[in-house]
Amino acid sequence: MNEVKITLPDGSIRTFPSGVTGMDVAKSISEGLARNALAIEINGEIRDLSRVIAHEAAIKILTWNDAGGKYAFWHSSAHLFAEALEALYPGVKFGIGPPIDNGFYYDVDLGDQPFGDAELTAVEKKMGELAKTNSVFQRREVSKAEALAYFTRKNDPYKLELIRDLADGSITFYQQGQFTDLCRGPHIPSTGFIKAIKLTNVAGAYWRGNEKNKMLTRVYGITFPKQKELDEYLHLLEEAKKRDHRKLGKELELFAFSEKVGMGLPLWLPKGTILRERLEQFMRKAQIKAGYDPVVTPHIGGKNLYITSGHYEKYGKDSFQPIRTPDEGEEFLLKPMNCPHHCEIYKVKPRSYKDLPIRLAEFGTVYRYEQSGELHGLTRVRGFTQDDAHIFCRPEQVKEEFVKVIDLVLFVFRSLGFENYTAQVSLRDPQNKAKYIGSDELWDRAEREIQEAADERGLKTVAVQGEAAFYGPKLDFMVKDALGRSWQLGTIQVDYNLPERFELEYIGSDNQKHRPVMIHRAPFGSMERFVAVLIEHCAGNFPLWLAPEQIAVLPISEKFNAYAEEVVNYLKNRDIRGFLDDRDEKIGRKIRDAEVTKVPYMLIVGEKEVAERKVAVRKHGEGDKGAVFLEEFANAFAADFAMPQ
RNA sequence: GCUGUUGUAGCUCAGUGGUAGAGCACUUCCUUGGUAAGGAAGAGGUCGUGAGUUCAAUCCUCAUCAACAGCUCCA
C-alpha cells in the first residue's frame with residue numbers, strides 16, 4: 001500500500017503517495033490555501049498540517065475562517081504566551097492553557113510575584129518578538145516515563161499531575177523555540193501566523209476547577225492573523241459594553257441597587273416596572289389561553305414544608321436562615337421556590353383523573369442566598385420573581401404537556417425576537433448520583449420523555465450531564481448576553497419526586513389512588529433575568545408594546561404647552577404612554593434628549609400643528625416623518641402599540 | 001465563598017501627605033426658539049466605612065462593606 005485516497009470537501013477524491021502530509025495536500029489544491037492553512041480536519045478530527053495522513057480519509061484544510069482553524073490558532077497562541085512568560089519569569093509553573101470561544105487562557109503559578117497591567121504589557125511585547133522568530137511547532141510522541149522525567153526536572157507539579165492521569169503511549173509534547181509543553185495538539189505550523197496579540201485580563205482560577213485546590217493566575221488573551229482584525233474585535237467589545245444591561249438600566253432609569261437594602265436585591269424604578277408589568281401581562285394572557293389557573297401564595301412557608309420537599313436538607317445551611325416568631329420552636333423560611341406551596345394547593349381537595357392536568361401559575365417572588373461573588377446585575381440576584389407554574393398530570397400526559405410548554409416557550413421567544421438560543425437537555429451526572437433524589441427508574445423515564453418531547457418539536461438540543469436539578473432533569477433555553485456570557489432563561493422540568501414526597505394523589509378511572517407527575521416550568525425564567533437579557537438583546541430600544549415611554553410630546557415653545565398637554569391626555573385615553581417635555585429648552589435640545597433616552601416616537605407641536613390639530617411625527621433613529629392629524633396618528637400606530645397575541 | 005482590581009458631587013471621571021476639581025444633570029435668570037446640546041449665574045462632596053502611622057491622611061498601612069473581572073456555585 002503506497003498510496004492514500006483522500007476525499008476533499010467538494011466530494012472529489014484524489015490519490016496521494018504514502019507519507020503525504022496535510023500541508024502537501026493543501027499545496028496540491030492551491031498555493032493560496034497552503035499559505036493560509038492553519039490545521040487540517042481528518043475524518044472530523046483536527047490535526048497538525050505536518051502530520052502524515054496514513055489512511056484513506058475525508059479531509060478539510062482549515063484556515064482562519066474555520067472554527068477549527070481559530071481553535072488551533074488560539075491554542076498555539078496559548079503556547080506562545082507560555083513561552084514568553086517563561087522567558088520573563090524563569091521557574092514559572094504552568095497549569096492548563098486551552099483555546100476558548102474568543103481567544104485562549106493559561107493558568108499559571110507565579111508564586112508570590114505580582115502580575116498586573118504593566119506585566120501584562122511586557123509579556124504581550126515578548127510574545128510579539130517571539131512570534132516574529134516564526135518558530136515551528138514541533139510535535140513529539142513521548143513515553144510516560146520520559147514525560148514524567150522532563151517535568152520532574154522542570155519541577156512543574158501541575159503538569160506532572162496531568163501526566164499521571166494519562167495513559168502511556170498517548171502522550172505528546174509540542175515544542176516551539178525554547179518552550180516545550182505537554183499537549184495533545186493540534187497546532188498551527190509556526191508562530192509567525194500570530195500577528196496581533198492582546199492579553200485582555202487576569203483572574204484567579206482554582207487548579208482543576210476545584211475550590212479546595214490552590215488558586216492559580218489565569219491570564220486571558222486573544223490573537224489574530226492581522227492587526228486590523230484585533231482592532232475590530234476590540235471595537236466590537238466596546239460596542240457590546242454599551243448594551244450591558246447594568247449600564248442601560250441605570251441610564252434609562254429601569255432599576256437600581258442600594259447598599260442599605262442589600263446586595264442582589266433590585267429596586268425596580270417606575271420605568272422598569274412598566275416594562276416588567278407589560279411582560280407579565282403578556283405572559284398572563286398567554287397562560288390563560290393555554291389553560292393555566294393563576295394562584296397566589298405567601299412569601300414565607302413553615303420550615304416543615306421544605307423538610308418535606310427535601311429543599312431544607314439540600315440548601316438549608318446555605319440559605320437565608322429561618323425566621324423565628326415569639327412562639328417557641330416556630331420557624332418560617334423565605335420561600336426559595338414556589339413548588340411546595342403549589343403542592344399544598346393541589347392537596348386542598350381530592351383530585352380525579354378527570355381534573356388533570358391542573359396547571360397552577362404564579363408570578364412568585366422567591367429569595368435565594370446566592371454566593372456574594374455570583375451576583376450580577378439583574379441576571380443573578382437574591383430576590384426575584386419567577387413566571388412559575390406547576391402542571392400536575394397523569395403519567396401518560398407528561399409528553400403532551402411538555403410539548404405544550406415547549407410551544408409556549410417558543411411563542412415567547414418568537415414574540416420578543418430571540419432567535420439565537422440553545423435548547424439544553426440538562427441531565428443527571430451519572431458519576432455522582434448521590435447528589436440527586438429519586439430512583440434510577442424515574443430519572444431514566446423523565447430524561448427520556450424530555451428528549452422525546454424536544455424531538456417531537458424538532459428542537460435541536462444539546463445534552464449536558466450534571467446540569468439537572470437535584471429532583472429531576474430539565475430542558476433549559478440558554479441565551480447569550482452582550483458580552484457572550486450564557487444565561488438560562490426558560491426552563492421546563494419533569495419531576496416524579498415532589499409528588500412522592502408530598503404524597504400527591506388522584507383517583508383514576510379504576511377508582512384506585514395514583515400518583516400524578518409534576519412539570520415545573522418558567523418560560524421567562526425570572527422577570528429579572530429576562531429583562532436583563534432583553535435589554536441587551538435590543539440595546540435598550542424596546543419593541544413599542546414594551547417601551548416604558550412610547551411617545552415624547554415636544555412643544556416648540558411654551559406657547560404650545562396647552563395643546564401638547566391635550567395631546568398627551570388624548571394618547572393616555574387610548575392607552576398610549578406619552579409624556580410632555582415642557583422644559584424651557586429649544587426643540588433641538590428636547591429632540592436630542594428624547595433620542596438618547598431611546599423614546600420610540602416624538603410628536604412635535606408648534607403653531608402649524610395647533611392650528612390644524614396635527615402632530616409632527618419623528619421616529620427614534622429615523623428622523624422626521626411629517627405631520628399628520630393626531631387621531632390619524634393614534635389609529636395608524638395602535639396596532640404597533642399592541643401586545644403580541 | 002475564593003483570587004485580583006476598584007470605590008472622589010445625582011452621572012461620567014480628573015487630582016493631591018497641608019481638609020478638593022471638570023463636564024453633564026440640578027436651581028434661578030435671560031431667551032419663545034421648527035427636528036440631536038442657546039446664554040449667564042448659583043447650589044451641591046465628612047473623597048465607601050472603621051481603626052492605625054503622621055505635626056497633618058481623601059492620598060500611606062490594616063480591617064470592613066460594596067461594585068467589577070474570573071473561578072466555584074445556581075432549587
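Proteins get letters first, then strands, A, B, ... in listed order; numbering begins at 1 in each.
For Phe470(A), the listed nucleotide lying nearest its side chain is A75(B); candidates were C74(B), A75(B), C30(B). In the set G34(B), C71(B), A75(B), the nucleotide with an atom closest to the side chain of Ala205(A) is C71(B).
We find that CG of Leu554(A) is positioned 12 Å from C1' of A36(B), with the value rounded to whole Å. The interatomic distance linking Lys586(A) (NZ) with C30(B) (C1') rounds to 12 Å, in whole Å.
Of the side-chain N and O atoms in His620(A), none sit less than 4.0 angstrom from OP1 or OP2 of A36(B).
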Original post:
When you check every protein heavy atom under 4.0 Å of nucleotides 1-12 of chain B, what one-letter string (B, S, -) results, 5' to 3'?
Top reply: BBB-------SS
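Surrounding CD of Glu331(A) are more than 12 heavy atoms belonging to other residues, nucleotides or ligands, all under 6.0 Å away.
Side chain Arg246(A) to base C68(B): no donor-acceptor pair is found below 3.5 Å. Checked by distance alone, Arg485(A) brings no side-chain donor or acceptor within 3.5 Å of a matching partner on the base of A69(B). With hydrogens and angles left out, the side chain of Arg380(A) and the base of C73(B) share a donor-acceptor pair within 3.5 Å.
Counting only Watson-Crick and G-U wobble pairs whose two distances sit under 3.5 Å, RNA chain B takes part in these stems of three or more pairs: B:1-7 with B:65-71, B:10-13 with B:21-24, B:26-30 with B:38-42, B:48-52 with B:60-64.
Counting any heavy atom pair closer than 4.0 Å across all strands shown, Glu609(A) reaches a base atom. Among the heavy atoms of the strands lying under 4.0 Å from Gly209(A) are primed sugar atoms or P, OP1, OP2 only; no base atom is included.
Aromatic pair His342(A)/Phe392(A): centroids not less than 6.0 angstrom apart.
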